[in-house]
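Okay, so here's the structure we're looking at.
The basis for the numbers below is simple: all heavy atoms, side chains too, and nothing from hydrogens, waters or symmetry mates. Indexing begins at 1, ligand by ligand and atom by atom, following the structure's order. Computed from a predicted structure; not experimentally measured.
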Amino acid sequence: MRILVTGGAGYIGSHAVRLFLSRGHDVWVYDNLSLGHRAAVPCDRLLVADLAEVHRLDHALLQHRIEAVVHFAAFAFVGESVRDPGKYYQNNLVNTLQLMECMRRHGIARFVFSSTCSTYGLPLRVPITEDEPQKPINPYGNGKLAVERALADYAAAYGWGYAALRYFNAAGASPDGTIGEDHDPETHLIPLAIQAAMGQRPHLEIFGTDYPTPDGTCIRDYIHVDDLAEAHLLALETLGPGKELRLNLGIGRGASVREVVKTIEEVTGRLVPIKEGPRRPGDPPELVASSEKAQRELGWRPRYTELRPIIETAWNWHRKHPKGYPRE
Ligand code: UDP
C-alpha cells in the first residue's frame with residue numbers, strides 16, 4: 001500500500017514508519033520537523049513540509065499516488081492545550097480537516113487517526129471500554145474528539161474507512177535502541193524518571209500523592225510503542241469502504257507513578273531521586289484500557305504485556321542516546 005504518514009518523524013510515527021517499511025509498504029513521511037527528528041526516519045522517505053501548506057500536501061498525495069493516510073502529526077501536551085487552546089485547535093483540528101479535504105479531493109478514503117484516551121475525560125468505569133461516554137476535560141481531548149466526529153460524518157457521506165485509535169500511554173522504544181522517545185521539552189514520566197536516574201535532572205517530581213489509589217499516585221496503562229505501531233498496520237489492512245473502527249489501545253493493566261519509578265530503579269540499577277509535589281491539573285486518577293475490542297476486531301495482541309520489558313527498551317534507548325537525537 002502507498003501510505004502517507006504525517007508526523008512520521010515523531011515518537012510513535014517513526015516506529016510505525018519502520019514497521020510499515022519492514023512489511024513492504026511504500027511509505028512517505030510528511031513532517032515539518034518542528035517536533036520530529038530527521039534521524040528517526042530514512043532520509044529518502046522524508047518530505048519536510050507543514051500540514052498547513054495545502055499545496056504541498058496536494059502535491060505529495062498526487063505525486064506518490066497515496067492510497068491511505070496515517071495521521072500522527074499533532075500537538076500532544078494536555079497542559080499546554082489548556083494554556084493555549086488556539087494553537088491546539090488550529091493544528092489538531094483545522095489542519096486535520098484540511099488534510100481530510102485534500103484527501104477527499106484526491107479520492108483517498110482510508111484514514112488512520114491518532115486519537116487518545118483523553119477523549120474520555122474522567123471515566124466512570126475502569127477499565128475503559130469504547131462505550132464509555134466521551135467527555136473530554138481539556139482542549140487537547142476536545143480537538144481529538146471533534147476529528148473523530150468529523151470522520152464518522154465522512155464515513156457516512158463519502159464511504160471512508162477510518163480507524164480512530166485511542167492510545168493510552170505510549171512508552172518504550174525500538175528494542176535495538178536506534179529510535180526512541182525524545183521530546184523537547186520532555187514532559188512524560190518514563191523519560192523524565194530515566195533522565196533523573198542518569199543524573200541529567202536533579203529529581204523527578206511526582207505530581208500528586210493523595211489520589212484515591214492504593215499508593216496515592218496516578219495509575220496509567222503504559223503500552224509499548226511497537227505494539228501501537230502494529231495496531232496501526234492491522235487497522236490499515238482491515239479498513240474497507242465505510243468501515244469504522246474506534247478502538248482503545250492499552251495493555252489492560254495499570255501502573256502507578258511509584259510503581260513506574262520502582263521498576264526504573266530495578267532496570268537501571270540506579271536511584272531515581274524524587275520530590276513529591278502537588279497534583280498536575282487535568283490528571284484523572286486512573287486510566288486503564290480495555291483493549292478487548294481491538295483484539296477482537298483487528299486480531300491484535302500486544303507483545304509487551306508487562307511494564308518491566310517496556311521500560312527495558314526505554315532504558316536501552318536512553319543509555320545509547322543520552323542526549324537523544326542529534327539537534328539540527
Ligand atoms: N507524572 C509525574 N511527574 C512527571 C510527569 C508525569 O508524576 O514529571 C505523572 C502524571 O501526573 C501522570 C503520569 O505520570 O499521572 C503519566 O504522565 P505523562 O505525562 O507521562 O503522560 P499522560 O498521562 O499525561 O499522557
Determine whether His15 and Ser174 satisfy the following criterion, side-chain hydrogen bond (donor to acceptor under 3.5 Å, both in side chains), listing intermediate values before the conclusion. CA-CA 7 Å; His15 288 77; Ser174 175; 5.2 Å; no

Assess whether side-chain hydrogen bond (donor to acceptor under 3.5 Å, both in side chains) is satisfied between His188 and Glu181, documenting all intermediate values. CA-CA 9 Å; His188 292 112; Glu181 186 167 13; 3.3 Å; yes

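Proximity of a side-chain donor or acceptor of Thr6 to a complementary backbone N or O of Ala73 within less than 3.5 Å is detected.
Taking the six-membered ring wherever Trp is involved, the centroid distance between the rings of Phe72 and His232 falls below 6.0 Å.
The residues lining ligand 1, counting any heavy atom closer than 4.0 Å, are Asn169, Thr187, His188, Leu189, Leu192, Leu204, Glu205, Ile206, Phe207, Cys218, Arg220, Tyr222, Val257, Arg280, Asp283.
Looking only at atom types and distance, the side chain of Thr209 has no donor-acceptor partner in the side chain of Arg279 under 3.5 Å away. Arg166 and Tyr120 share a donor-acceptor pair across their side chains, judged by distance under 3.5 Å alone.
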